[in-house]
Chemist: 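Sharing a structure with you now.
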Amino acid sequence: MRETIVCIGKTGEKPYRFPQTEVSVSSYEELCCYLSQHLICYLYTLPEDDLLVYIREELGLEKLYRQLVKLESPEKDQMKYFATLFREGNYYSEAEIRVILDHYRSLKNEPYHRQYKQIGDLLLKYHKATMAIQYYDEALKHLSGEEGVQTGNIYHNRGIANSQLFRFEDAKIDFVKAYRNNGDEASLFSYYCLMVFDNGDLAGATQEIRDSFHVPDDLISQFEERLSGMMEEQQFTEDAARYRKIVYLNVNGRQEDARQYFTTLVSQQRQAFRPQLESDEKWVVTNVPAKVTLEFSK
């Protein structure tokens, strides 16, 4: 269910698009709603300068523009920037603003690896896989080799991002590391599905799961049923027809033909996704925490 935003102020003739997520806003109310839900992106930097230009020229908020310009300096308290922006137009009540700012403060106090992971998760939600992987990499670095559920969850989400970019071997490694750290069956199932999709060999994938991870037969049966359901949902799509051809070639001893056909399929899909990949690659890691010693609340 989508959220309805009531806009009572001026609406810009052209929308403003946030470059990291490609979400567009056209009013002060939409701007407030977006920023309040994406504060994790602005822990160590502020929105782009051209947003201020948009506020003044498209939304006609000259007073707010002048106030925010004064708060752009790096030595200024960033919380004051957002407090000023949210208060100017009376879109949020004072109580709501306090809740938003308290949330911002709690995000600032999170350990680095959690901050990086949350940014990565947000970018992954918007299908910005290239950028998301960069943040997951940083999150893992700040864990300093620690193991456990948090580490596993980062690997799992990085595996999803790598899958979206057709980096299947990297994704398989991530899902295995995720499972070994968090013990979550979802990570093992993702690995299983990826093996089936990548190799077109259901029996081989099942045997690999059984031999390498020593999972019980009832779990393997669950995996097979879930995969079967997924394949039934996709059976009438064009990609499913191509996939069935790959399976057919493998089953009939034409592994080299299957591999070439699969390579062509991936190449075509990559070309289709190329605009999104190029958009991602323009953005190096931003909002990177300064490497200073801080005390974090637990």
Chemist: Does Lys141 count as lying over the ring of Tyr116, i.e. NZ or CZ under 6.0 Å from the six-ring centre, within 45 degrees of the axis?
Modeler: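 Because its charged atom misses either the 6.0 Å distance or the 45° angle limit, Lys141 does not stack over Tyr116.
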Chemist: With sequence neighbours left out, what residues match Glu225 under side chain to side chain contact (heavy atoms under 4.5 Å, CB included)?
Modeler: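 Testing Glu225 for side chain to side chain contact (heavy atoms under 4.5 Å, CB included), a comparison that skips the adjacent residues, returns none.
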Chemist: For Asp257, give me all partners under salt bridge (charged side-chain N to carboxylate O under 4.0 Å, His left out), at least two apart in sequence or on another chain.
Modeler: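 With sequence neighbours excluded, Asp257 shows a salt bridge (charged side-chain N to carboxylate O under 4.0 Å, His left out) to Arg254, given in chain and number order.
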Chemist: Checking Asp50 against Tyr16: is there a side-chain donor and acceptor pair closer than 3.5 Å?
Modeler: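 Their side chains do contain a donor-acceptor pair, which is all the 3.5 Å distance test asks for.
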Chemist: List the atom pairs, donor and acceptor, that lie under 3.5 Å between side-chain atoms in residues 58-68 and the rest of the protein, sequence neighbours left out.
Modeler:
{"unit_1": "Glu58", "atom_1": "OE1", "unit_2": "Glu13", "atom_2": "N", "d": "2.9"}
{"unit_1": "Glu58", "atom_1": "OE1", "unit_2": "Lys14", "atom_2": "N", "d": "3.4"}
{"unit_1": "Tyr65", "atom_1": "OH", "unit_2": "Arg56", "atom_2": "NH1", "d": "3.4"}

Chemist: Applying salt bridge (charged side-chain N to carboxylate O under 4.0 Å, His left out) as the test, list every pair that has at least one member in residues 212-222; sequence neighbours left out.
Modeler: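 Checked against salt bridge (charged side-chain N to carboxylate O under 4.0 Å, His left out) - neighbours excluded - the pairs reaching residues 212-222 are Arg210-Asp217.
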Chemist: Identify, with sequence neighbours excluded, every residue that meets side-chain hydrogen bond (donor to acceptor under 3.5 Å, both in side chains) alongside Gln255.
Modeler: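 If we apply the side-chain hydrogen bond (donor to acceptor under 3.5 Å, both in side chains) test to Gln255, skipping adjacent residues, there are no hits.
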Chemist: Taking only residues two or more places apart in sequence, or in another chain, which ones meet Asn157 in a side chain to side chain contact (heavy atoms under 4.5 Å, CB included)?
Modeler: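 Only Lys117, Asp121, Leu124, Tyr136, Ile160 meet the side chain to side chain contact (heavy atoms under 4.5 Å, CB included) criterion with Asn157.
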Chemist: So which pairs with a foot in residues 85-101 pass salt bridge (charged side-chain N to carboxylate O under 4.0 Å, His left out), sequence neighbours left out?
Modeler: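 Counting only pairs at least two positions apart or across chains, the salt bridge (charged side-chain N to carboxylate O under 4.0 Å, His left out) contacts touching residues 85-101 are Arg87-Glu94.
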Chemist: Name all residues meeting the side-chain hydrogen bond (donor to acceptor under 3.5 Å, both in side chains) criterion together with Ser36; count only those two or more places apart in sequence or in a different chain, and write none if there are none.
Modeler: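 Expected list: Tyr92.
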Chemist: By side-chain hydrogen bond (donor to acceptor under 3.5 Å, both in side chains), which residues pair with Thr21, not counting sequence neighbours?
Modeler: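 In terms of side-chain hydrogen bond (donor to acceptor under 3.5 Å, both in side chains), with neighbours along the sequence ignored, Thr21 is linked to Tyr34.
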Chemist: My understanding is that only residues two or more places apart in sequence, or in another chain, count here; which of them pass side chain to side chain contact (heavy atoms under 4.5 Å, CB included) with Gln150?
Modeler: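 Side chain to side chain contact (heavy atoms under 4.5 Å, CB included) check on Gln150 returns His113, Arg114.
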Chemist: Which residues satisfy the salt bridge (charged side-chain N to carboxylate O under 4.0 Å, His left out) test with Asp137, sequence neighbours excluded?
Modeler: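 Partners of Asp137 under the salt bridge (charged side-chain N to carboxylate O under 4.0 Å, His left out) test: Arg158.
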Chemist: Residues two or more places apart in sequence or in another chain: which of them pass salt bridge (charged side-chain N to carboxylate O under 4.0 Å, His left out) with Lys177?
Modeler: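 Once residues adjacent in sequence are excluded, Lys177 has no partner under the salt bridge (charged side-chain N to carboxylate O under 4.0 Å, His left out) criterion.
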